[in-house]
Engineer: 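Take this structure, written in C-alpha cells, and hold onto it; I'll ask about it next.
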Amino acid sequence: MPELPEVETVARGLQIAVAGRRIVSVTLRKTDFMDDPSAIERELPGKKIERVERYGKFMLLQLTGGEGKAAERHRVERGKKKILEEGEAEGSPRALLVHLGMTGNMTTHFAEQPLGKHTHVMLGLDDGRELRYTDARRFGRMAYLAGETLAAELRRFGADPLLASAEEFAELIRGSKARIKALLLDQSVVRGVGNIYADESLWSARIHPARSGASLSLKEAEMLRKMLQKILRKAIELRGSTISDFVDGDGLAGEYQQHHKVYGRDGQKCLRCGAKIKCMLVAGRSSHYCAVCQRAPRVARRKEKKTKRTRRVGTSKK
DNA sequence: CTCGATCCCTGGACGC
DNA sequence: TGCGTCCAGGGATCGA
C-alpha cells in the first residue's frame, strides 16, 4: 500500500529511469480513475518528462515543451484569453499527477513486453521503452494539470511531514479536536501519511490513536513529529513496506515491513512492554496499538469495555 | 467542525 | 474444486 515512503521509492526510481525522456505516444485502457482521459491523450504526446517527484502520496511528473498537433489546434480554437485563464500560458508548470491508490504502480518496460492484466496506461517514450501504469483495484488517480489548476490542486494538501517544523506540526495537530489518528491520515493536514506509518509513529510516540489532537501536550506533539520523521526516513531507506505486492521500479520489494512494531501485529506481544497488541477502528481504519504503552482517553476506554463486536451484515446482492 | 456510513474495486483469505 | 462472503484500504461524498 503506497504511502509516503513507497511513493518516494517509486518516484526516485522513475526520476532515474525516465527523467529527460520525451513521451511519444499515449495508449489507454480503462480510464475510470482519471480526471480527464482526453486531456491525457491530447496533452502528453510530445512533452518531455523534466523530473519526477513526490508530493504527499502523489507522484508529479513535471512536463515541459512540445505539444501534440491536436493540443496545438485545441489551443488555437479556444483563444488566448481562455488559455490564460486556465493557466496554460507558455512556460507555466504542467504535470501528470499520479496517485497509486492501494495497488497502483508505475514501471518502465520494453514495448514488446506483454501487458499485465491490470495495466491501463502505456506511455511510449522516445527511447523505445514504455512507462506503464498498473492498478488492479483502480483506487489510484491520474490527472494532467497545468498552471493555476495545478497550483490549486497542490494547495489542497497539508504539510510534508518530513519538512514540517516543530511549531508548524504542533499547531496543525493541537489545533483540532479530531482524533490524532484521523489527523495523521487527513491529507489536508499532513500529506503522505497512511495507515501503516500513522500506527507506527503513534506507537513510537506512545500516543493512543483515539486521543484528540487538541489533547496532546507540546511535548507529545513534538515526540510524534520526531518519531514520524524517523520512521519515514528509515522506511524510505528500506524502499518502503511490502505488505502484499508493492515493488519498486526494479521489481524489488520493500523491507520496512520487517521493522513494523504494531501494524498487523494484533494479538502479538508489544515489543516494548510485552502486553498484547490490540486493534480497534479509529477514523474508519484498523488501528493497531498497545493499550499499556499508549494510554487511552477516557471516552475510548469506556467504549472499549462496552463495545463487544459490531458486525455489519453485508449488502448481499447478485 | 467532526463524525460515521457508504461507495468505488479486486485479489486473497476463509468457511463450507 | 468451487462457490459465497468478507475484508483491506484512500479518498470523495453525504447526512447526522
Side-chain angles (χ1 to χ4, degrees), chain A residues 1-8 10 29-37 54-59 97-106 116-121 133-143 152-158 161 171-200 209-216 240-247 254 257 260 262-267 279-288 297 299-300 303 306-307 309-318:
Chain A
M1 29 224 67
E3 300 180 28
L4 188 152
E6 293 76 29
V7 179
E8 180 75 31
V10 175
R29 288 164 111 189
K30 288 191 177 172
T31 60
D32 56 356
F33 57 96
M34 297 175 181
D35 287 29
D36 181 0
R54 178 191 60 75
Y55 189 88
K57 293 180 196 171
F58 281 89
M59 280 194 299
L97 252 73
V98 181
H99 195 297
L100 300 176
M102 293 290 303
T103 50
N105 209 346
M106 220 176 186
K117 184 177 172 192
H118 301 292
T119 298
H120 299 298
V121 181
Y133 178 77
T134 301
D135 187 353
R137 291 181 206 175
R138 304 200 303 286
F139 267 28
R141 177 185 166 201
M142 191 174 285
E153 178 64 22
L154 298 184
R155 276 200 298 274
R156 296 172 50 222
F157 299 96
E171 205 171 302
L172 283 169
I173 294 305
R174 300 175 77 231
S176 168
K177 287 180 184 165
R179 291 167 299 179
I180 184 61
K181 170 80 181 244
L183 290 172
L184 287 174
L185 294 180
D186 186 339
Q187 302 299 299
S188 70
V189 175
V190 166
R191 68 176 117 110
V193 179
N195 210 31
I196 295 174
Y197 298 102
D199 282 4
E200 291 297 317
R211 290 269 304 277
S212 153
S215 80
L216 266 64
S241 301
T242 295
I243 298 296
S244 51
D245 52 12
F246 169 76
V247 288
Q257 67 281 2
H260 290 176
V262 279
Y263 184 82
R265 293 194 67 246
D266 30 325
C279 185
M280 73 184 282
L281 270 191
V282 182
R285 297 281 167 248
S286 61
S287 300
H288 311 78
V299 184
K303 226 187 234 171
K306 255 191 214 165
T307 313
R309 208 168 168 63
T310 335
R311 267 289 148 264
R312 193 149 301 283
V313 183
T315 51
S316 58
K317 199 55 191 296
K318 269 179 198 165

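Proteins get letters first, then strands, A, B, ... in listed order; numbering begins at 1 in each.
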Engineer: Is the distance between the ring centroids of A:Phe157 and A:Phe58 under 6.0 Å?
Structural biologist: yes
Engineer: Quick one: is A:Ser176 getting a side-chain N or O under 4.0 Å of the B:dC1 phosphate, OP1 or OP2?
Structural biologist: no
Engineer: Is the shortest side-chain N to carboxylate O distance from A:Asp199 to A:Lys181 below 4.0 Å?
Structural biologist: yes
Engineer: With a cut-off of less than 4.0 Å, is there a side-chain N or O of A:Lys30 near OP1 or OP2 of B:dC9?
Structural biologist: no
Engineer: Stacking here means centres under 5.5 Å and planes under 30°; does A:Phe139 stack on C:dG10?
Structural biologist: yes
Engineer: Hey, does the side chain of A:Gln187 come within less than 4.0 Å of C:dG11's phosphate (OP1/OP2), counting only N and O?
Structural biologist: yes
Engineer: Kindly say if A:Arg179 contacts the phosphate of B:dC3, meaning a side-chain N or O under 4.0 Å from OP1 or OP2.
Structural biologist: yes
Engineer: Among B:dG4, C:dG10, B:dT10, which nucleotide has an atom closest to any side-chain atom of A:His118?
Structural biologist: B:dT10
Engineer: Return the value, rounded to whole Å, for the distance between atom CG of A:Asp186 and atom C1' of C:dG11.
Structural biologist: 10 Å
Engineer: Given atom CZ of A:Arg156 and atom C1' of C:dT13, what is their separation to the nearest angstrom?
Structural biologist: 12 Å
Engineer: B:dC9, B:dG4, B:dT2: which one has an atom nearest the side-chain heavy atoms of A:Ala178?
Structural biologist: B:dT2
Engineer: Which part of the nucleic acid, if any, lies within reach of A:Gly140 when heavy atoms closer than 4.0 Å are counted: base, sugar-phosphate only, or nothing?
Structural biologist: nothing
Engineer: Is any side-chain N of the basic residue among A:Arg191 and A:Glu3 closer than 4.0 Å to the acidic one's carboxylate O?
Structural biologist: no
Engineer: Any side-chain N or O of A:Lys57 below 4.0 angstrom from OP1/OP2 of C:dG11?
Structural biologist: yes
Engineer: Checking A:Asp135 against A:Thr103: is there a side-chain donor and acceptor pair closer than 3.5 Å?
Structural biologist: yes
Engineer: Is there a side-chain polar atom (N or O) of A:Arg285 under 4.0 Å from OP1 or OP2 of C:dA8?
Structural biologist: no
Engineer: Whole angstroms only, please: what is the CG-P distance between A:Leu185 and B:dG4?
Structural biologist: 12 Å
Engineer: I need the CG-C1' distance between A:Asp135 and B:dC9, as an integer number of Å.
Structural biologist: 9 Å
Engineer: Taking only side-chain N and O atoms of A:Tyr263, does any of them lie within less than 4.0 angstrom of OP1 or OP2 on C:dG9?
Structural biologist: yes
Engineer: Among C:dG9, B:dG11, B:dC9, which is the nearest nucleotide to the side chain of A:Ser286?
Structural biologist: C:dG9
Engineer: From CD1 of A:Ile173 over to P of B:dT2, roughly how many Å is that when rounded to an integer?
Structural biologist: 12 Å
Engineer: In whole Å, what is the span from the CZ atom of A:Arg137 to the C1' atom of B:dC9?
Structural biologist: 8 Å
Engineer: What I'd like to find out is whether the side chain of A:His120 reaches to under 4.5 Å of the side chain of A:Thr31, using heavy atoms alone.
Structural biologist: no
Engineer: When the distance from CZ of A:Phe58 to P of C:dG11 is rounded to whole Å, what number comes out?
Structural biologist: 7 Å
Engineer: Using atom CE of A:Met102 as one end and atom C1' of B:dG11 as the other, report the distance to the nearest whole Å.
Structural biologist: 11 Å
